[in-house]
Amino acid sequence: MQLKAPRGTSDTLPPDTAKWAYVEGVMREVSRRFNYEEIRTPTFEHLELFARTVGETTDIVEKEMYSFKDKTGRDLALRPEGTAPVARAFLEHGMASGALPKKFFYMGPMFRYEKPQAGRYREHRQFGVEVLGSPSPYSDVEVIVLAMDLADELGLTGTELYLNSIGCPSCRADYKAKLIAYLQPKKEGLCEDCKSRLERNPLRVLDCKQESCRCAIVGAPSMLDGLCTDCRIHWDEMRRILTSLGIEFQVDNALVRGLDYYTRTVFELKWPPLGAQNTLVGGGRYDGLIAELGGPAIPGVGFGMGIERILLATEKGSKPILAGGAVDVFVVGLKGADDRVSQDTFGLVRKIRKSGLVCEFDPLQRSMKAQMKQADRMNAKFVAIIGDDEIAQGVVAVRSMAESWQKTVAASDVVRVLREGVLNCGK
RNA sequence: GUGGAUGUAGCUCAGCUGGCAGAGCACCAGGUUGUGGCCCUGGGGGUCGCGGGUUCAAGUCCCGUCAUUCACCCCA
């Protein structure tokens, strides 16, 4: 059997690579406008980084990590997400004692061992931003707005913003106790997963989709009611700012992100036409993360965005991405009596390229008809023809493919004529 | 990890109750020995996902397996 790309991975080929480049370009441009700087971190890290921050009991760490030992026995893992590595790098390079806040964006592959499905892959690429050192709700709003502007720019209208607050460690502990007290008597009605979640991670019971569990949580105390004063103020402020900006959102108190480092704000940006995997963006605040890694108490907020899903969405969006650039000039070289023709052909191609135009030729020197066909297929704006006759007369034939006219130009003048022609094409 | 659907040419797919592997598009060449698109003619291209079984005979039936896909779960 032929070798194939491993399960859950895929090749990106032209013309799709051009679409990727476009989307990545928009991401860079929007980041630039928001003054976020790029950071690049390794593709693999110490396993412990994720175990400690993402959480030992989370699905990601428990069953979805590509972890391995290297030749000297170090426990490593392909990164399943981008925030912990950025936090680690931030600390490692002493940025905690520099000017704050620090604002980063990153793009790169993430790895999770999951069952593949449309919009869910074992290797996927993520764009994300992180703001480190700002406790302000304005920063929560800034990252949300960045994500929404990005979606907008890519023609994804109708995204839905879901918000929740999961409090800080202190009020969450109080809340967990209340929730356990509430659910304990109903434990027998819960699904098997939730019975164990009840001990280990009771918040996750709230977003269980099982009918029986949904019944059990009706009337359960809400995290939002249990927020401490500071968390309450942050939550209220953030919603006030969003409202003042005219940004619509839905409060979803079952929204619990699957990573342990989140505090206070958690949010998702969904795009319903996408189907089952319709979360474009997931993010939130992580005020304890830097401290968990042994640093000072520096707060953070950010999000991750799956680029494959963005690409999938743009196919169905209001602004599909046009891929594939056109060739400006195709130089048709005709086989003549000697090798003079092909020499002149390649020389002209080189001159045209140096002038900045996109230029192509046929290395196989096929028939004129075949070369014209190629030029047409490549959407060439102009064709420049060189054969024995042209060389004898010191000219080149220039043909406009779109307008079907053709004229003879002095060889010394060809590049100038082509440049002008291509310029006028755009008008 | 659970359940359903689907795997035949580069792409989209046809192949009925087992009987010589097909079409459209794409690609190449010719029709026009120096002119693209349209048209006509011809051509190249396949271990029918893989492995096993039943049978005189399997793309077709049975079992397994891998992959894709949809939903669950989870998430980006």
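Residue numbers start from 1 in every chain, and the chains themselves are labelled A, B, ... in the order their sequence lines are given, proteins ahead of strands.
- Picking from B/rA76, B/rG34, B/rC74 the nucleotide with the shortest atom distance to the side chain of A/Ile385 gives B/rG34.
- Although no hydrogens or angles enter the test, the distance criterion places a donor-acceptor pair under 3.5 Å between the side chain of A/Lys319 and the main chain of A/Glu153.
- Under the 6.0 Å distance and 45° angle rule, A/Arg122 counts as a cation-pi partner of A/Tyr113.
- Residue-level contact check: A/Glu390 touches the bases, meaning some heavy atom is under 4.0 Å from a base atom.
- Here A/Ala118 lies in heavy-atom contact (under 4.0 Å) with sugar-phosphate atoms only.
- Residue A/Gln371 places no side-chain N or O under 4.0 Å from the OP1 or OP2 atom of B/rG36.
- When the nearest nucleotides of RNA chain B are assigned to A/Asp389 and A/Ile60 by heavy-atom distance, the more 5′-ward of the two goes with A/Asp389.
- In a base pair of the Watson-Crick type (N1 to N3 plus N6-O4 or O6-N4) or a G-U wobble (N1-O2 and O6-N3), with each distance short of 3.5 Å, B/rU35 is matched with no nucleotide.
- For B/rG1, the paired nucleotide is B/rC72, the pair qualifying as Watson-Crick or G-U wobble because both relevant distances are below 3.5 Å.
- The side chain of A/Arg7 places an N or O atom within less than 4.0 Å of a non-bridging phosphate oxygen (OP1 or OP2) of B/rU68.
- For the C1' atom pair drawn from B/rG52 and B/rC66, the interatomic distance equals 14 Å after rounding to whole Å.
- One interatomic measurement links the two molecules: CD of A/Gln117 to P of B/rU2, which rounds to 15 Å at whole-angstrom precision.
- For the pair A/Arg309 and A/Trp271, the NZ or CZ position fails the cation-pi test of under 6.0 Å to the six-membered ring centre and within 45 degrees of the ring normal.
- Looking at heavy-atom distances under 4.0 Å, A/Gly128 makes no contact with the nucleic acid at all.
- The base-pairing partner of B/rU55, taking Watson-Crick or G-U wobble contacts with both distances under 3.5 Å, does not exist among the strands shown.
- Across all strands shown, B/rG18 remains unpaired; no Watson-Crick or G-U wobble contact has both distances below 3.5 Å.
- No donor-acceptor contact under 3.5 Å links the side chain of A/Ser367 to the base of B/rG34.
- Distance from the side chain of A/Leu334 is smallest to B/rG34 among B/rG34, B/rC75, B/rU35.
- When distances run from any side-chain atom of A/Ala370 to the nucleotides B/rG36, B/rC75, B/rA29, the shortest one goes to B/rA29.
- Residue A/Pro116 is the one, among A/Ala276 and A/Pro116, whose nearest nucleotide of RNA chain B lies closer to the 5' end (criterion: closest heavy atom).
- Going from atom CG of A/Leu259 over to atom C1' of B/rA76 covers 11 Å, rounded to whole Å.
- Considering only side-chain N and O atoms, A/Arg377 lies under 4.0 angstrom from the phosphate OP1 or OP2 of B/rC28.
- For A/Met372, the side-chain atoms get nearest to B/rU35 when compared with the rest of B/rA76, B/rC75, B/rU35.
- When both distances must be under 3.5 Å, the Watson-Crick or G-U wobble mate of B/rG45 does not exist.
- Residue A/Asp59 contributes atom CG, which lies 9 Å from atom C1' of B/rC75 at whole-angstrom precision.
- With respect to A/Glu315 and A/Lys19, a salt bridge is recorded, a charged nitrogen being found less than 4.0 Å from a carboxylate O.
- A distance below 6.0 Å separates the ring centres of A/Tyr286 and A/Tyr261.
- Closest to the A/Arg120 side chain, of the nucleotides B/rC75, B/rC72, B/rA29, is B/rC72.
- Taking atom CD on A/Glu114 and atom P on B/rU69, their separation rounds to 14 Å, with Å as the unit.
- Taking side-chain N and O atoms only, A/Arg257 has a distance below 4.0 Å to OP1 or OP2 of B/rA76.
- Look at B/rG30: its Watson-Crick or wobble partner, with both distances under 3.5 angstrom, is B/rC40.
- When side chains are defined from C-beta on, A/Ile386 does not count as touching A/Phe361, because their heavy atoms never get closer than 4.5 Å.
- Judged by Watson-Crick or G-U wobble contacts below 3.5 Å, the nucleotide B/rA9 has no partner.
- Across all strands shown, B/rC50 forms a Watson-Crick or G-U wobble pair with B/rG64, both key distances being under 3.5 Å.
- With A/Glu420 contributing its side chain and A/Val417 its backbone, the two residues share no donor-acceptor pair below 3.5 Å.
- For B/rG34, its base never sits under 3.5 Å from the side chain of A/Lys335 at any donor and acceptor pair.
- A/Lys369 has its NZ atom 13 Å from the C1' atom of B/rU33, to the nearest Å.
- In this structure, the CG atom of A/Leu13 is 11 Å from the P atom of B/rC11, given to the nearest Å.
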